[in-house]
**Student:** 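Please find one structure pasted underneath; my questions will follow.
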Amino acid sequence: MATQYKIIIAEDEELQLNSLVKKVERFCPDFNVVATAQTGSQALKLICEKHPDIVISDIRMPVMGGIELIEKARAQFPEMEFIITSGFSDFEYARSAIRLQVSDYLLKP
């Protein structure tokens, strides 16, 4: 039996969020999207409740951005993996993601 990885996706744009969920469900059968959030604060609450293996987060969201979300979640769950998605190719965002040891930094089209 294959291992099921629990995923939380945080993305403030609803179309992007739905697209990410569909792609994960279609192309990653070992991944189970257990929750979605449209703000970083919602995502942090869900992380504390669901204890996912992986969090896919937009870098800029209302209330709390992806970098702050990762900093707070990493303090509580150091083993958790993070993937950042961003429409911004600004090096400072990438540098912050590297400093937080994210698994990947994906640019949106």
**Student:** For the OG1 atom of T85 and the CD1 atom of I56, what is their distance to the nearest 0.5 Å?
**Tutor:** 8.0 Å
**Student:** For the pair E25 (side chain) and K22 (backbone), establish whether a donor and an acceptor sit closer than 3.5 Å, ignoring hydrogens and angles.
**Tutor:** no
**Student:** Restricting to non-hydrogen atoms, name the atom on I8 and the atom on P52 that form the minimum distance, rounded to 0.1 Å.
**Tutor:** CD1-CG, 3.6 Å
**Student:** Please assess I54 against F31 for the test side-chain contact (heavy atoms from CB on, under 4.5 Å), listing each intermediate value before the final yes or no.
**Tutor:** CA-CA 9 Å; I54 301 168; F31 289 9; 3.9 Å; yes
**Student:** Out of the candidates E49, E68, K72, only one should pair with L44 under the side-chain contact (heavy atoms from CB on, under 4.5 Å) rule; please name it.
**Tutor:**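 Result for side-chain contact (heavy atoms from CB on, under 4.5 Å) with L44: K72.
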**Student:** CE/M61 to CD/E13 distance, rounded to the nearest 0.5 angstrom?
**Tutor:**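 Answer rounded to 0.5 Å: 11.5 Å.
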**Student:** Return the minimal non-hydrogen interatomic distance between A43 and A10, and the atom names on each side.
**Tutor:**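 Looks like CB-CB, 3.8 Å.
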**Student:** Using every non-hydrogen atom in the two residues, find where F82 and I70 come nearest and quote the distance to one decimal.
**Tutor:** CD2-CG1, 3.6 Å
**Student:** Let me see the working for I7 and V55 under side-chain contact (heavy atoms from CB on, under 4.5 Å), right down to the final yes or no.
**Tutor:** CA-CA 6 Å; I7 309 292; V55 175; over 6 Å; no
**Student:** Measure the spacing between OG1 of T36 and CG of L20 and express it to the nearest 0.5 Å.
**Tutor:**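 That separation rounds to 10.5 Å.
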**Student:** Restricting to non-hydrogen atoms, name the atom on D58 and the atom on S86 that form the minimum distance, rounded to 0.1 Å.
**Tutor:**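 That would be OD1-CA, 4.2 Å.
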**Student:** Determine whether E11 and Q38 satisfy the following criterion, side-chain contact (heavy atoms from CB on, under 4.5 Å), listing intermediate values before the conclusion.
**Tutor:** CA-CA 5 Å; E11 166 64 61; Q38 289 189 284; over 6 Å; no
**Student:** Tell me the closest heavy-atom pair linking G40 and L69, and the distance in Å.
**Tutor:** O-CD1, 3.6 Å
**Student:** Under a 3.5 Å distance rule, please check whether R74 uses its side chain to pair with a backbone N or O of M80 as donor and acceptor.
**Tutor:**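 Side chain of R74 to backbone of M80, a donor-acceptor pair under 3.5 Å: yes, one is there.
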**Student:** What's the spacing between E14 CD and S19 OG if we round to 0.5 Å?
**Tutor:**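 If we round to the nearest 0.5 Å, E14:CD and S19:OG are 12.5 Å apart.
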**Student:** How many angstroms lie between NZ in K23 and CD1 in I9, if you round to the nearest 0.5 Å?
**Tutor:** 11.0 Å
**Student:** Yes or no on side-chain contact (heavy atoms from CB on, under 4.5 Å) for Q76 and C48, after CA distance, side-chain angles and deciding distance?
**Tutor:** CA-CA 8 Å; Q76 296 178 49; C48 292; 3.4 Å; yes
**Student:** Could you measure the distance from the NZ atom of K50 to the NZ atom of K45? Nearest 0.5 Å is fine.
**Tutor:** 10.5 Å
**Student:** Is there a donor-acceptor contact under 3.5 Å from the side chain of K6 to the main chain of V33?
**Tutor:**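 Looks like no, no N/O pair under 3.5 Å.
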**Student:** Would you name the heavy atoms of I47 and A73 that are closest together and state the gap between them?
**Tutor:**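 So the minimum-distance heavy-atom pair works out to CD1-CB, 4.0 Å.
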**Student:** Atom CZ of residue position F77 - does it have more than 12 heavy atoms of other residues, nucleotides or ligands inside 6.0 Å?
**Tutor:**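 Yes, enclosed.
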